[in-house]
Amino acid sequence: MAGIDIEGLATVYPNGVRAVDGLDLHVADGEFFALLGPSGCGKTTLLRTIAGLENASEGTVRIDVADVTRMEPGKRGVAMVFQDYALFPHMTVSENITYPLKVRRVAAATRTATAGRTSSELSLQGLLERRPGQLSGGQQQRVALARAIASEGKVLLLDEPLSNLDARLRLEARTFLKKLQRDLGITTVFVTHDQAEALALADRIAVMQNGRLRQLGSPREVFARPANTFVANFIGSTPMNLLDGAVAAVSDGGSVSVANGSLPAATGSVPAGAEVTVGVRPEYLTLSDGDVNGPSLRGEVVVAENLGTSSLVSVDCGGTLIGVTVPEESEPAPGTSVVLTAPEQRVLLYDRESGELLAKQPAAVG
Ligand SMILES: Nc1ncnc2c1ncn2[C@@H]1O[C@H](COP(=O)(O)OP(=O)(O)O)[C@@H](O)[C@H]1O
Ligand SMILES: [Mg+2]
């Protein structure tokens, strides 16, 4: 088992695209680490640079302390699962799984034993003599994983391994993958553009944009305290409300004026009058039909969308639409007058220009 250390890493393609642009990351031994970001942000390039399939232009990659930056892929001790699985169509499942061992000239008896053990870990028993073309998408995905695991690398690199599965199967495969990673305890870097997948699976998430790191943290941290408005927009299945606001005078207690009212906020060292972007998740806002003690907003319900066990209610607060999530049984009818507020520690202040989080009050995450 091994950690991965990345320092000042840049990968520049011959056409001049800086797909990875000055990255520092540490993946701990045994960690399930997600690289998350929109299409084209450099996730695959970073994974391939760790594997040695792309050359680093600047910086270093260390695996298990050893500097592997200039080492050929086969010697790095990494196993990779590609987005399209890259199974050999003419080989059986068993031959596919043990191919990396065959290349390393591992004895046939050992290979057979590994195929048996790995196929049972991945619930592929009974399929060992089939060819990839005779398998479902989910089974092919598990064969690709089995091949990676059987090669006994120190680290497992997974490039969007669930993206080719349909929605239902993807959820099952997600649970399976999380349990497998926990059982094996293998250091795993998992690439996805799906924020829900990263939140569900990872111990920590690196959110990337344009080849750079925008935030590194636990799923709870990136959800509850996005470090900038890019991450705030990207994370969460209902979008965070990002509203123009201004910090109120100190005499008004900690609050920000937004829309037609105000919200409590730990303003810290942000001066009164400062114009900010106020970020508050729909899940952290509360709706009531009467008076609220402290800063609040008045509005009228416009529409409610059913999310299953909850509803996303859009409230018009003096011309500004604000989303609030409520339990299904307390969904108000359109036209209802309501009052909104949120706990102080859930109201985040961002720099209006740079979009970076301000007033880094003690993280009341949880
Ligand atoms: N082989 C390549 N040659 C030139 N540019 C590339 C190559 N592969 C990827 N890119 C560019 O590098 C950037 C990052 O791509 P990629 O790592 O595939 O992102 P992601 O996996 O996050 O979608 C994109 O702008 C993409 O167009
Ligand atoms: Mg990719």
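No hydrogens, no waters, no symmetry mates; every other heavy atom, side chains included, goes into these values. Numbering of ligands and ligand atoms starts at 1, following listing order. Here the structure is a predicted model, which is why all the values come from computation and not from measurement.
Contacts with ligand 1 closer than 4.0 Å are made by heavy atoms of both the backbone and the side chain of Thr44. Of all the heavy atoms of Val17, the ones lying under 4.0 Å from any atom of ligand 1 belong exclusively to the side chain.
When only non-hydrogen protein atoms are considered, atom 19 (O) of ligand 1 lies nearest to Gly42 N, 3.2 Å. Here the protein heavy atom with the shortest distance to atom 9 (C) of ligand 1 is Tyr13 CE1, 3.5 Å. Summary of contacts: the protein heavy atom closest to atom 17 (O) of ligand 1 is Thr45 OG1, 2.5 Å. Protein heavy atom at the shortest distance from atom 4 (C) of ligand 1 is Asn15 ND2, 3.1 Å.
The residues Asp244 and Arg352 are annotated as salt-bridged, a charged nitrogen and a carboxylate oxygen being separated by less than 4.0 angstrom.
A cation-pi arrangement, defined by a distance under 6.0 Å to the six-membered ring centre and an angle within 45 degrees of its axis, is present between Arg147 and Phe88.
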Please step through side-chain contact (heavy atoms from CB on, under 4.5 Å) for the pair Asn233 and Met240, ending with a clear verdict.
-> CA-CA 6 Å; Asn233 269 317; Met240 185 186 266; 6.0 Å; no
Stepwise, does the side chain to side chain donor-acceptor pair (under 3.5 Å) test hold for Asp67 with Thr69?
-> CA-CA 6 Å; Asp67 187 340; Thr69 317; 2.5 Å; yes
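The closest side-chain donor-acceptor pair between Ser151 and Tyr99, if any, does not fall under 3.5 angstrom. Remark: the Glu7 side chain and the Thr60 side chain contain no N/O donor-acceptor pair separated by less than 3.5 Å.
Taking a 4.0 Å cut-off on heavy atoms, Gly37 fails to register as neighbouring ligand 1.
The nearest non-hydrogen atom to atom 14 (C) of ligand 1, considering only Gly16, Ser39, Gly40, Gly211, comes from Gly40.
Near Ala19, with a cut-off below 4.0 Å to any heavy atom, the atoms of ligand 1 are 12 (O), 13 (C), 14 (C).
Aromatic pair Phe32/Phe190: centroids less than 6.0 angstrom apart.
At least one N/O/S atom of Thr44, from backbone or side chain, sits under 2.8 Å from the Mg ion (ligand 2).
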